[in-house]
Amino acid sequence: MTIKTYLCTALKPSLFLPSLGAIGAGVLLLTLQTTSAQAAGQYYNCANANGCKLVDSKYFTSSYTKTQYPVVMAHGLGGFTKLFGVIDYFNGIPGELIKGGSEVYTTKTSAVNNSEVRGEQLLQQVKTITAISGKAKVNLFGHSQGGIDIRYVAGVAPKYVASVTAVSSPEQGSKTADFVKNTLEPNNTSGSPSNVTTELVSGVFNLIGGFTDVGSGISFNQIQQQDGWQALLALSTSGAANFNAKFPAAMPRAYCGQPASTNVNGIKYYSFSGVGQLTSALDPSDYLLAATGVPFAGESNDGLVSACSSRLGYVIRDNYKMNHLDSADQVLGLTAWGESEPKSIYRTQVNRLKNANL
């Protein structure tokens, strides 16, 4: 075979095009890897007094939860971020969201205090998060009392907030809190307890708050202010009414009514919650929630919050088969079998925010 014949044979398109295709595919894969690395979903813990620390980062395989603005999650009463580096308050939910492209931040406020104190602490962290992320706004999620705290942030600093999603939050107070307050001091609306029993109960809650601070990685000399009595007042029906008079955005006009508006000051408001207390026989916390749900006297509730009290903005659902802890996928994911899975509910809501260009 002559050199000319050999070259003509070797350079036939049927022979060299597959090789070029393979090379091109390799270059494309390399480019995609680089792109995915640059756009990995990330999860930050903002319990640290000096800022937010990266907890986890994953290459996402879809953009299902890739919102324009970061997702910021606020805990409820007695809450934490990642307790002793092991248990997420929002159990596994941040990790689930970052796989779909979310940038997630969990925050830490006083575990035990009223929502204006906690809300102001949260606002300072939101400002830090906008600086870190380079995004002007955030999508706020708040579980339980955290769903009231995020309304405070939206009310006093709307320019930082794209959306508010309240999860199982006592927006109009909790009858469990009413029962405790009426048992301890029914006529006391002052800033501090007036008898020894109340002081002892408040002190226990303060210790719990300090414990969760330390468990979240906050040093002893930076433990946040705790106030069990103020927390109880804030979560009572009368305390909620006082708060709602200051921050009425997207609230119903009456108890058990539907919210009149879902978009206030350019902020979209949402809520979802569940009903039922005993959702998993293996979960010991369910039996406690069955007891705390007694004051509701048959009204649909999750053990601490009624369906009617949880409504804010666009009510996604207020009757998921999940109790108060299930709505944060606690304890350890022991939720109702065969029902809507909490992680999936959060993913769907974040996708809803994405589709709303938030």
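Heavy atoms only: backbone and side chains are in, while hydrogens, waters and symmetry mates are out. Residue indices begin at 1 and follow the sequence shown. Only a predicted model underlies this, so the values are computations on that prediction, with no experimental measurement involved.
- Hydrophobic clustering (side-chain heavy atoms under 4.5 Å, transitive across Ile, Leu, Val, Met, Phe, Trp, Tyr) keeps V315 apart from Y270.
- For F84 and F211, the ring centers sit closer than 6.0 Å to each other.
- Residues passing the ring pair (Phe, Tyr, Trp, His ring centres under 6.0 Å) test with F220, sequence neighbours excluded: none.
- For residues 94-131, the ring pair (Phe, Tyr, Trp, His ring centres under 6.0 Å) pairs, not counting sequence neighbours, are Y44-Y105.
- Cluster annotation: M322 is not connected to L278 through the hydrophobic network of ILVMFWY side chains, with a link wherever side-chain heavy atoms come within less than 4.5 Å.
- Looking at T292, its side chain does come within 3.5 Å of a backbone N or O of L289 through a donor-acceptor pair.
- Applying the side-chain hydrogen bond (donor to acceptor under 3.5 Å, both in side chains) test to residues at least two apart or on different chains, the pairs with a partner in residues 123-133 are E120-Q124.
- One finds a salt bridge joining K246 and E116 here, because a Lys/Arg side-chain nitrogen approaches an Asp/Glu carboxylate oxygen to under 4.0 Å.
- Residue pairs meeting the ring pair (Phe, Tyr, Trp, His ring centres under 6.0 Å) criterion with at least one member in residues 279-314, sequence neighbours excluded, do not occur.
- With hydrogens and angles ignored, the 3.5 Å screen pairs a side-chain donor or acceptor of N351 with a backbone N or O of Y64.
- D213 and S216 form no side-chain donor-acceptor contact under 3.5 Å, judged by distance and modelled atom types alone.
- Ion pairing of E96 with R347 is present here, as a side-chain N (NZ or NE/NH1/NH2) and a carboxylate O approach within less than 4.0 Å.
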Test side-chain contact (heavy atoms from CB on, under 4.5 Å) applied to S340 and R317, step by step: CA-CA 11 Å; S340 299; R317 271 184 65 179; 4.1 Å; yes

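- Salt-bridge annotation for D149 and R151: absent, with no side-chain N of the basic residue lying under 4.0 Å from a carboxylate O of the acidic one.
- With T67 contributing its side chain and P70 its backbone, the two residues share no donor-acceptor pair below 3.5 Å.
- Contacts classified as disulfide bond (SG atoms under 2.5 Å apart) and involving residues 121-158 (residues at least two apart or in different chains) are not found.
- Just one residue in the list Q330, K82, H75, H143 forms a side chain to side chain donor-acceptor pair (under 3.5 Å) with Y89, and that residue is H143.
- Judged as a ring pair (Phe, Tyr, Trp, His ring centres under 6.0 Å), not a single pair has a partner in residues 154-192 (not counting sequence neighbours).
- Hydrophobic clustering keeps Y69 apart from V153 (ILVMFWY residues linked when any side-chain heavy atoms are closer than 4.5 Å, directly or through intermediates).
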